[in-house]
*Asks:* 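My questions will all concern the structure given below.
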2 protein chains.
Amino acid sequence: MNFGAVTIKDIAKELGISASAVSKALKDSHEISEKTKKLVLECAKKHNYQPNPMAQSLKRGNSKSLGIVISTIDNQFFSQVINGIESVAYSKGYNVIITQTHESYDLELSNVNHLTVRAIDGLLISLSTETRNLDHLKYLHDKGLPIVFFDRVTDELETHSVIADNCKGAYEATKHLIDVGFRKIAHVTSSPHVSITAERLKGYKLALEENNIPIDEKYIKYCLHGGRDLAEIENVLAELIQSTDRPEAIFTASERITTTTLTILHRLGVKIPQDIALLGFTNTHLAEVLNPSLSAVYQPGFDMGKKATEMLIGLIETKRPITEFQKVVLPTELFIRDSSQPVLISK
Amino acid sequence: MNFGAVTIKDIAKELGISASAVSKALKDSHEISEKTKKLVLECAKKHNYQPNPMAQSLKRGNSKSLGIVISTIDNQFFSQVINGIESVAYSKGYNVIITQTHESYDLELSNVNHLTVRAIDGLLISLSTETRNLDHLKYLHDKGLPIVFFDRVTDELETHSVIADNCKGAYEATKHLIDVGFRKIAHVTSSPHVSITAERLKGYKLALEENNIPIDEKYIKYCLHGGRDLAEIENVLAELIQSTDRPEAIFTASERITTTTLTILHRLGVKIPQDIALLGFTNTHLAEVLNPSLSAVYQPGFDMGKKATEMLIGLIETKRPITEFQKVVLPTELFIRDSSQPVLISK
DNA sequence: CTGAAAGCGCTAACAT
DNA sequence: ATGTTAGCGCTTTCAG
C-alpha cells in the first residue's frame with residue numbers, strides 16, 4: 001500500500017483550504033486560481049503526493065489494469081507477446097496481470113474468475129488447449145467486459161482478435177519441405193479444437209494437395225493437451241518412427257511441440273535431418289545454435305501483443321459501442337536452416 | 001471492472017435487511033442468526049456476488065497484490081522464478097504485477113514508482129545491472145514497504161533475500177573445467193556492481209587458486225550492461241579470441257551471456273569445444289539439444305520464486321516487526337555435457 | 001441479533 | 001474562486 005501516504009486531506013489541512021479545492025488544483029481545473037494551484041502543486045511535490053489508486057478506481061469504476069490469460073509464461077512466444085502487451089499497456093497507464101492456464105480448462109476458468117474478481121478493465125486471452133466451452137467468457141462479454149483474443153481465438157464471441165497467418169505459415173513450411181524433396185511429411189500438432197490447429201492443418205494440407213501428394217491421416221498426429229507433458233509427444237513420435245512407412249520429415253505446430261520433439265528425437269538417437277527432417281513453429285532465439293540448426297516458422301509475438309493491447313484499450317476507452325470487429329492477421333516468417341535439409345551440409 | 005456487479009446493498013435491498021447485516025453474514029459473523037446467514041448466502045450465490053476488491057482495499061488499506069521487478073521476462077531463469085512466485089501468491093490470494101527493467105536503472109526507478117503508486121503490499125526485486133544507488137528502495141523500505149530481494153541482491157537494506165549458491169556453483173563449474181584439463185579459463189560476466197557477479201567471480205577465483213592456476217585479469221571480462229545488447233558480448237569475445245594467449249575455455253555467468261556467447265561463437269565459426277570450451281549459468285531446457293550440448297550451471301528458479309514469495313507474504317502478514325532477516329541460499333546444479341569436454345565425443 | 005452511521009481517499013455536482 | 005456535501009462499496013464501531 002501507499003505507505004505513510006500523504007492524502008488530499010493532508011494537503012488541504014496544511015494549506016488551510018478544502019479537499020475539493022486541492023483535488024481540482026491537482027487536475028489543473030480552470031475554476032482554481034493560479035496562486036492556489038501553485039501552492040497546491042508545491043505542497044504536493046514537497047510531500048511526494050501520490051493519489052491513492054484504490055480510491056480513484058472505486059470512484060471512477062475502473063481499475064486501469066488488464067488481465068492476460070496465456071498457457072504459460074515459460075515459452076519464448078508468449079514472453080514476447082507479453083513484452084508487446086506491456087510496451088503499450090504501461091505507456092497508456094495500465095498495468096497488467098498475467099495468469100497461466102498450463103493448457104487446463106479448469107485453470108482458465110479459475111484464472112478468468114480471479115481476474116474479474118480482481119477488477120480488470122479488459123481481458124487479453126489465448127485460449128487453453130482444453131477449452132471447448134466458452135460460457136465463462138460469453139458471460140463476461142455480455143456483461144460488457146472488453147475482450148480481445150490472440151493466438152488461440154474463437155468465432156463464438158463477437159470481438160477483436162489478432163493471430164499470425166497460421167495457414168500461410170504452415171503452407172510455406174510444408175511447401176519448403178516438399179520443395180527440397182520430401183513427400184512423406186508428418187504433422188504433429190495440438191488439439192483439433194484449438195483455432196491454430198485448424199489453421200495450420202489447413203496450410204499443411206493445402207501445400208500437399210497443390211503438389212499432388214495425397215493426405216495421409218496416419219501422418220497427422222494430435223497432442224490433445226498441447227504437449228503439456230513430454231509423454232504425450234513421446235507417444236505420438238514413437239508411432240511415427242516405428243511406423244512401417246516412416247515419414248521423412250515432421251512439421252510441428254507449436255513452440256512447445258517443436259522444441260520437445262527435437263529433444264525427444266535426440267534422446268531416441270534419431271538423426272536430424274538424415275533420419276527425419278524437422279521444421280516447426282518456434283520463436284526461440286536459440287534456433288540457429290540448436291543441433292542441428294532448426295528451420296522454423298517464426299510468429300511476430302511482440303507485434304501480436306502490441307496490436308491486441310492497442311485494440312483492447314481502444315475498446316475500453318471508446319465511448320460508443322463498437323459494431324465492427326477486426327480480425328488482424330500478422331505475417332509469419334520462415335527461416336530455413338539445417339534441420340529441414342535432405343542432405344546435411346556439415347560445417 | 002466488476003461489470004454489472006451485484007453489491008452488498010443490492011442484496012440488502014432484496015432481502016429487506018441492512019447492508020451491515022449482509023456484510024457480517026457474508027463473513028459468518030457470530031452476531032448474525034443462522035437463518036439470516038443462510039438467506040444472505042443463498043442470495044449472494046444466486047446473483048454471483050463478488051466483493052468489490054477496490055472497496056475492500058480502500059477500507060483495509062491493502063491491495064493484495066505483489067510487485068515484481070526483474071530484468072526481463074524473456075529469459076528461462078526469470079520465467080521459472082515467476083512461475084514459482086505465482087504458485088504461492090495465487091494460493092494465498094495475492095496477485096502479481098510484473099515489470100521489467102531491461103537492465104536499466106531508469107526503468108527500475110520508474111517501475112518501482114509505478115508499482116508503489118499502484119499500491120502493492122510488497123515488492124520482490126532482482127536489481128538491474130545498472131543499479132548502484134538504492135535510495136529509491138531505501139525510501140520505500142523506511143516507509144514500511146516489505147521488500148524481498150532475490151537473485152541480484154544487496155546488503156544495503158535490512159531484509160530477507162534469496163539467492164542461488166552462486167559462489168559454489170561457479171566454483172564447481174570452474175573446477176570441472178580444470179579437472180578435464182583446461183588451465184586458461186576465461187570468465188565472461190556481468191557488471192562488477194551486481195551481487196551475483198562478485199559471488200560467481202569469487203567461486204571462479206577460488207577454484208583457480210586451489211589448483212595453483214594464477215588468476216589472469218585479462219581473462220576476466222565484464223559486460224557492464226549484463227549483455228543487454230549483442231555488441232557488448234561480441235566485443236568482449238573478440239578480445240578473448242584474438243588474444244595471443246587465447247583461453248581454452250570460457251565460463252559465462254548468466255543466462256543471457258551464456259546463450260549469446262554460444263550464438264556469437266557459432267557465427268564466428270569458432271568450434272566448441274575444440275577451439276574453445278564453454279560452460280555457463282543457464283536454465284534453458286534446450287541445453288541438451290544445443291550444438292554442442294551445453295554444460296550448464298542450473299539455478300533453482302522456481303524454488304527461488306517460491307521461497308522469496310513465502311518470505312514476502314510472511315513479512316506482509318506478520319503483526320510484529322521482524323528483526324531477524326534471513327539470507328536463503330539455494331543449491332545450484334552442474335550438468336556436464338559436450339561443450340566443456342576437451343575432446344568431443346561425437347555421436 | 002440487527003441497524004444506523006461513519007469513514008477509507010477521491011471526485012463532482014451543487015452551493016456560496 | 002472556493003467550500004460543502006454526498007457517494008463509490010465495504011467494514012466496523014456503536015446503538016438499539
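Chain letters run A, B, ... following the sequence lines, proteins first, then strands; residues in each count from 1. Quick note: numbers below take in every heavy atom, side chains included, and nothing from hydrogens, waters or symmetry partners.
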*Asks:* For Ile147(B), is there any backbone N or O sitting under 3.5 Å from a side-chain donor or acceptor partner on Thr159(B)?
*Replies:* yes
*Asks:* Rounded off to whole Å, could you give me the CG-to-C1' distance for the Leu15(B) and dG3(C) pair?
*Replies:* 15 Å
*Asks:* Near DNA chain D, counting only heavy atoms under 4.0 Å, which residues of residues 34-47 of chain B show up?
*Replies:* none
*Asks:* Would you mind reading off the bend of the helix from dC1(C)-dG16(D) to dT16(C)-dA1(D) from its two end axes, five pairs each, to 10 degrees?
*Replies:* 50°
*Asks:* Tell me whether Asp142(B) contacts the main-chain N or O of Tyr139(B) through its side chain, where contact means a donor paired with an acceptor under 3.5 Å.
*Replies:* no
*Asks:* Considering only heavy atoms of chain A and a distance under 4.0 Å, specify the first and last nucleotide of DNA chain D in 5' to 3' order that meet this criterion.
*Replies:* dA1(D) to dG9(D)
*Asks:* Tell me if a side-chain donor or acceptor on Asn111(B) pairs with a main-chain N or O of Gln100(B) at a distance below 3.5 Å.
*Replies:* yes
*Asks:* Name the residue from Leu66(B), Ile120(B), Ile85(B) that meets the side chain to side chain contact (heavy atoms under 4.5 Å, CB included) definition with Tyr94(B).
*Replies:* Leu66(B)
*Asks:* What string of B, S and - do you get for nucleotides 11-16 of chain C, 5' to 3', if B is base contact, S is sugar-phosphate-only contact and - is no contact with any protein heavy atom under 4.0 Å?
*Replies:* BBBB--
*Asks:* Please check: side-chain N/O of Ser29(B) versus main-chain N/O of Lys24(B), any donor-acceptor pairing under 3.5 Å?
*Replies:* no
*Asks:* Measure the distance from CG on Asn52(A) to P on dC8(C) and round it to the nearest whole Å.
*Replies:* 12 Å
*Asks:* Is a side-chain donor or acceptor of Glu108(B) paired with a backbone partner of Ser128(B) at a separation under 3.5 angstrom?
*Replies:* yes
*Asks:* Using atom types as modelled and distance alone, determine if a side-chain donor or acceptor of Arg228(A) lies under 3.5 Å from a backbone N or O of His102(A).
*Replies:* yes
*Asks:* Any salt bridge linking Lys327(B) with Asp155(B)? Criterion: basic side-chain nitrogen under 4.0 Å from a carboxylate oxygen.
*Replies:* yes
*Asks:* Can you check the Lys13(A) NZ to dG9(C) C1' distance for me, whole Å?
*Replies:* 13 Å
*Asks:* State which residues pass side chain to side chain contact (heavy atoms under 4.5 Å, CB included) with Ser23(A); sequence neighbours excluded, sorted by chain then number.
*Replies:* Ile8(A), Lys27(A)
*Asks:* From the options Thr116(B), Val112(B), Asn113(B), select the one residue that forms a side chain to side chain contact (heavy atoms under 4.5 Å, CB included) with His136(B).
*Replies:* Val112(B)
*Asks:* With respect to the phosphate group of dG3(C), does any side-chain polar atom (N or O) of Ser18(B) fall under 4.0 Å of OP1 or OP2?
*Replies:* yes
*Asks:* Please collect all salt bridge (charged side-chain N to carboxylate O under 4.0 Å, His left out) contacts where either partner lies in residues 36-56 of chain B, sequence neighbours excluded, each pair once.
*Replies:* Glu14(B)-Lys46(B), Asp28(B)-Lys37(B), Glu34(B)-Lys37(B)
*Asks:* For the NZ atom on Lys13(A), are there more than 12 heavy atoms of other groups (residues, nucleotides or ligands in this structure) within a distance under 6.0 Å?
*Replies:* no
*Asks:* Starting from the 5' end of DNA chain C, give me the residue, Ala55(B) or Gly16(B), whose nearest nucleotide shows up first.
*Replies:* Gly16(B)
*Asks:* Is a donor on one side and an acceptor on the other found under 3.5 Å between the side chain of Ser57(A) and the backbone of Asn62(A)?
*Replies:* yes
